[in-house]
Amino acid sequence: MPTYKAPVDEALFLLNDVFHLERYGNLPGFADASADTVEAILREAAKLSEETLTPLNRVGDEQGCTRHADGSVKTPEGFKEAYRQIVEGGWIGISAPEEFGGQGLPATNTVIVNEFFCSANMAFAMYPGLTQGAIAALITHASQELKEKYLPKMVEGSWTGTMNLTEPHCGTDLGMLRSKAVKQPDGSYKITGTKIFISAGEHDLSDNIVHLVLARTEGAPAGTKGISLFLVPKFLVNEDGSVGARNGVSCGSIEEKMGIHGNSTCVMNYDAATGWLIGEENRGLNAMFVMMNEARLGVGVQGLAQSEVAYQNAAIYAKERLQGRAISGTKFPDKPADPIIVHPDVRRALMTMRAFNEAARALVLWAALKADVAHRSQDAKERQAADDHLSLLTPVIKGVLTDKGFANTVLAQQIYGGHGYIAEHGMEQFVRDARIAMIYEGANGIQALDLVGRKLAMNGGRAVMAFFNEVQAYLKERAESDSLNEYLKPLGAALAQLQQATMWFMNNAMARPDNAGAGSTDYMHMFGLVALGYMHARIAEAATAKSDDAAKARLVTARFFMQRMLPETATHLARIEAGADSVMALPVEAF
Ligand SMILES: Cc1cc2nc3c(=O)[nH]c(=O)nc-3n(C[C@H](O)[C@H](O)[C@H](O)COP(=O)(O)OP(=O)(O)OC[C@H]3O[C@@H](n4cnc5c(N)ncnc54)[C@H](O)[C@@H]3O)c2cc1C
């Protein structure tokens, strides 16, 4: 059985020593999040993850969800009790506004807690995770009446949330969606249509399920400009806030799938279901983007979380499994063979995962901090800069952290040899669970296009220029530092290559858009490497001020990243500058 130990000390080091959370005390909610409070929250989340959610990960995988003939769905054994602990602990609303029953604490806290929950049990963590995304969309776009009626129960967790975009004929291209919404004299709408692949669409964990559904009103323009967003509850809500009659929405079936078996993936049938408009008619995608952006960051965290738990188990196994002798000479002569951790190739795999995990966690926290500034700062300029930054980083975090997160679960599985392929050790579950994160919330190819096609050009390149300026200023201010030179020099070189790739797109993509499409995934990964390298530089700087073993290990890990992972930017640059010619040259019939 795999084990999991939540990296609480690692998170505290990032919050306190790298990002200096105490400097944000002027933002609402931050004053309540003293270092002691944050530590207490994280230790409690760690306990819940390690003792309750981790043991249920295998159970959820083996049992999966069951749909009964009446359309109800049963989650795996133990999920209901675990979910009750989530509600009782107030975990869903730790960063939600106090006016709706949340604790108003910084988003940074929620992000760490969610990483722990996802490492312990990704399929389970999706139920509260989706609810948090739905809460964010309602806070930003719903009417006060809808907010007051639904948010307190969702923040508490007794009602969960879902997002309903996908239809059988449209996933990426939402402009084609067909679900209909017909306005009623009382201002509500009747929603009719079929949605597929809806995570947590039906289950037995909560008293009600609040579906956020994209549909078209009568006479709406074609394409994405004619899509509206609706709130459609499973049970209608009475005037006094109690759960009332069943609405016209039901689960038609649940999918058999590769991983995350403990999360129900549902076909949802809307049959003149009563719904209420969120935001304005035909501006539904805009409103749904709040949930999607939140969910994209959450999915990036899933990639990191699976990489972390897979790494932890691979490291334990590598210290126990005896095979062969070290090429530099026997290390454990009293044993029949050395543990495989002595072999450089096994070390390479472990260091690759470790170097990714440490920097990815920092990157996610950095983004969460920007989200806090964007939502809570009194200064409009500061808010805008933080929002720019978050928009730019969202596709990078989603795409890179899930591609690498999956790759790392495979690396960890490889360390187990054949024992990683069989079910007993649980490593193949991490691989299967991590795979979906590359697909849903916008497949990673779409994240790369979002970065290159939209985010780079946004507001005349304001966001990307600010990112370049920040890293450049960081490097310049420390140019004389001998102790940091080995980290800063490679980062400077990688940044220059990223800037070169950005210029190449500016010069070559307008005339030939395929050049942008063909290079977008490379660019996203190149951006990810530079962002992760920047995080390693900041980690190394904070670690040089300390002398404990953990700090020394962080310096070695940062060195490994700079020497052995960051240089991949050169390969990405070469591919980008090769353009689309060889990618697009073959006629369709040749495939
Ligand atoms: C387990 C699971 C859970 C899910 N949960 C939800 C949920 O809760 N709510 C929800 O609404 N949906 C959900 N989805 C749906 C998911 O978000 C979609 O599957 C995903 O967005 C891709 O859409 P698609 O499957 O239709 O693929 P398609 O859109 O058909 O894309 C197929 C491939 O073509 C590529 N592609 C498509 N268009 C372009 C383009 N213009 N340029 C370049 N490449 C392109 C894509 O990157 C992809 O690799 C879930 C799916 C699964 C499997």
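All values below come from the heavy atoms of this structure, side chains included, with hydrogens, waters and symmetry mates left out. One-based numbering, in listed order, for ligands and for the atoms of each.
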* Structure fact -> Residues passing the side chain to side chain donor-acceptor pair (under 3.5 Å) test with H211, sequence neighbours excluded, are T162
* Could I get the full list of salt bridge (charged side-chain N to carboxylate O under 4.0 Å, His left out) partners for R435, not counting sequence neighbours? => none
* Asked: So, are R178 and E167 salt-bridged, with charged N and O less than 4.0 Å apart?
  -> no
* Only counting residues at least two apart or in another chain, list the ones meeting salt bridge (charged side-chain N to carboxylate O under 4.0 Å, His left out) with R296. => none
* Give a yes or no on whether a salt bridge exists between E202 and K234, defined as a side-chain N under 4.0 angstrom from a carboxylate O. => yes
Are there any N/O pairs under 3.5 Å between ligand 1 and the protein, and if so, what are their distances?
from: ligand 1; atom 1: 5 (N); to: F197; atom 2: O; distance (Å): 2.7
from: ligand 1; atom 1: 5 (N); to: S199; atom 2: OG; distance (Å): 2.8
from: ligand 1; atom 1: 8 (O); to: S199; atom 2: N; distance (Å): 2.9
from: ligand 1; atom 1: 8 (O); to: S199; atom 2: OG; distance (Å): 3.4
from: ligand 1; atom 1: 9 (N); to: M163; atom 2: O; distance (Å): 2.8
from: ligand 1; atom 1: 11 (O); to: L165; atom 2: N; distance (Å): 2.8
from: ligand 1; atom 1: 11 (O); to: T166; atom 2: N; distance (Å): 3.0
from: ligand 1; atom 1: 11 (O); to: T166; atom 2: OG1; distance (Å): 3.1
from: ligand 1; atom 1: 12 (N); to: T166; atom 2: OG1; distance (Å): 2.7
from: ligand 1; atom 1: 14 (N); to: F197; atom 2: O; distance (Å): 3.4
from: ligand 1; atom 1: 26 (O); to: G171; atom 2: N; distance (Å): 3.4
from: ligand 1; atom 1: 29 (O); to: T172; atom 2: N; distance (Å): 3.0
from: ligand 1; atom 1: 29 (O); to: T172; atom 2: OG1; distance (Å): 2.5

* Before accepting this row, confirm whether a basic side-chain N of the pair K455/D388 lies closer than 4.0 Å to the acidic partner's carboxylate O. => no
